[in-house]
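Order of listing sets the numbers, starting from 1, for every ligand and every atom in it.
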Amino acid sequence: MGAGAEVDFLVVGAGVAGLRAAVELARHGEVLVVTKEALGESNTHYAQGGIAVAMEGEQDVALHLEDTVNAGDGIVYRPAAETLAAEGPLRVHELIEWGAKFDQTHGELLRTREGAHSLARILHANGDATGAEISRSLVAFARVHKAIRFAAWTRVTSLVTADNRVIGADLAEACPAEENCRPQRICARAVLIASGGAGQVYSDTTNPAVATGDGIALAAQAGAELADMEFYQFHPTALSLPGAPRFLLSEALRGEGAYLRNDRGERFMERYHPLLELAPRDVVARAIAREGMDAAGSARPVFLDMRHVTGHDLHKRFPGISAFLARHGLDLARDLIPVRPAAHYLMGGIRTDLEGRTNIAGLYAAGEAACTGVHGANRLASNSLLEGLVFGARAAQAMLADGPPLTRVECNEAAESPLPPDEERCVEEVIARLQRAMWTCAGLLRDDAALCEGLRTQAKCDFSLARLTQRGRFDRRLAEAQSLCRVAHAILRSALARTESRGAHFRNDYPQRNDQEFQKHSVLDRQGHIRFETW
Ligand code: SIN
């Protein structure tokens, strides 16, 4: 690919949404999929528990819909949830035909249950490596398509617009050493942002290092509206061991019978929700946060307990989790496993319609980067892989149907300037400061004062980064820091504007749900104004 190259469709991101879209698009045009690391390194790859899908006909679909709507705490956009539940089975059957292998016994797909699901409907692969299997099968299927090219280790530095439409993107190699990297402009009939979420905006996250919200930031910079950014889901059970990463301990563990216990050995969920450990994720996360603190505010351990679970070889059922715990001296079948919540999934994102269209012509979004309203204020467990499949395919169909002509624009090549070591350090410090501030100010429990404090820190971080960009620096880490800052700003502003508690957004100063004013979605427009809308 050279400067000024062109392609019919550009897909940014190679997780489940981007790959599913690419397969659809490749039936009718040339597709370029760009991903800033190796192919396969995405949030999709790390998804453990499974993919929620109603494979048993109409009644099953209706129940999946109701569970999705109920988990979303009053603001799920029902047509989006209907689409997800109804089109999900077709997309999963298709995936199986293309080579995805879900766990089975005697030819029957195995199903597990997770929080807020009324029945066991979650398919899984290799026990606890469902995302890796979906990613593997989609990559393998897409690779044989002649019309799909992949550009790994390539990042988008900006979207190119002309006459209020997105007509392409500037790309740069994203290898660790960017010295030889030259920006390239690629023109396209349509661009899909499917670059996933932004867990790295928080200091404690289950997300991999790539989840820096780049696609969301790029779209916002180009004028795309963002929606529901205050709704960030915290997974209740990440490993809580000093020195260990916040490794995800799948909700499927609770689906298979794990209890939660406080440091007095009490099974405390009975005080919080009738569904106990399988209550909606936001409820469980806040319960753990409460139990994990004494009256003086000191941290106390909370544990996941599977010691009583018999009838399963837990190491076989959860091989990845067991292996990770073993490396840290813990055994799922014998030990209490210390847990605490960590940032996991962004329900908000680039606002789209049900076909992935944004408010900017030529720009589409799908998957975690997008917000269709399907999750409302709290995503139902294991709905995200299905979301990527269903809305990735739909976005591709819209890109094909809208069919604008290709516009060619010459590339303005920016001079390269990787960061000297002191500036590299400065960027890392800024990121760490922002992540800590987001965790304390816009985490599980928020209030006006904390959110304002978070905004002040975010502004200081922005200022430090602006000083570097004014020096003409051009570097992946600097760009990621800017993406995180932009996403943090959107989360903080949206969280301040929603003066109620709903789903994953809990305000200590407004602890009640206020349907009269806020049974609505927040929309952050290109001028930085927030409005609340009924969808
Ligand atoms: C998990 O395995 O608990 C995560 C699944 C999800 O986030 O939906």
query: Near His235, which atoms of ligand 1 are under 4.0 Å from a heavy atom of that residue?
result: 1 (C), 3 (O), 4 (C)
query: With only distance considered, is Ala252 within less than 3.5 Å of ligand 1 through an N or O on each side?
result: no
Carboxylate-amine/guanidinium contact Glu533 Lys520, below 4.0 Å: no
message: Between Tyr202 and Tyr232, does the ring pair (Phe, Tyr, Trp, His ring centres under 6.0 Å) criterion hold? Intermediate values first, please.
response: CA-CA 10 Å; Tyr202 288 99; Tyr232 202 98; 5.1 Å; yes
message: Whether Glu291 and Arg271 form a salt bridge (side-chain N of Lys/Arg under 4.0 Å from carboxylate O of Asp/Glu) is what I want to check.
response: yes
task: Note the single closest protein heavy atom to atom 6 (C) of ligand 1, along with its residue, its atom name and the distance in Å.
output: Arg281 NH2, 3.2 Å
task: Give a yes or no on whether a salt bridge exists between Arg78 and Glu66, defined as a side-chain N under 4.0 angstrom from a carboxylate O.
output: yes
task: Inspect the contact between Arg261 and Glu277 and indicate whether a charged nitrogen and a carboxylate oxygen are less than 4.0 angstrom apart.
output: no
Proximity flag Ala381 to ligand 1, non-hydrogen atoms under 4.0 Å: yes
query: Hey, what's the ring geometry for His505 with Phe231, parallel, tilted or perpendicular (30° and 60° as the breaks)?
result: perpendicular
- prompt: At a 4.0 Å threshold, what atoms of ligand 1 neighbour a non-hydrogen atom of Ser382?
  reply: 5 (C), 6 (C), 8 (O)
- prompt: Would one find an N or O of Glu251, backbone or side chain, under 3.5 Å from an N or O of ligand 1?
  reply: yes
message: Check contact between Arg379 and ligand 1, using heavy atoms of the residue and a distance below 4.0 angstrom.
response: yes
- prompt: Counting only heavy atoms not in Arg143, do more than 12 sit closer than 6.0 Å to its CZ atom?
  reply: no
field: Numbering as shown, the atoms of ligand 1 that approach His344 to under 4.0 Å (heavy-atom distance)
entry: 4 (C), 6 (C), 7 (O)
- line: When distances are taken from atom 2 (O) of ligand 1, the protein heavy atom at minimum range is Ser250 OG, 2.7 Å
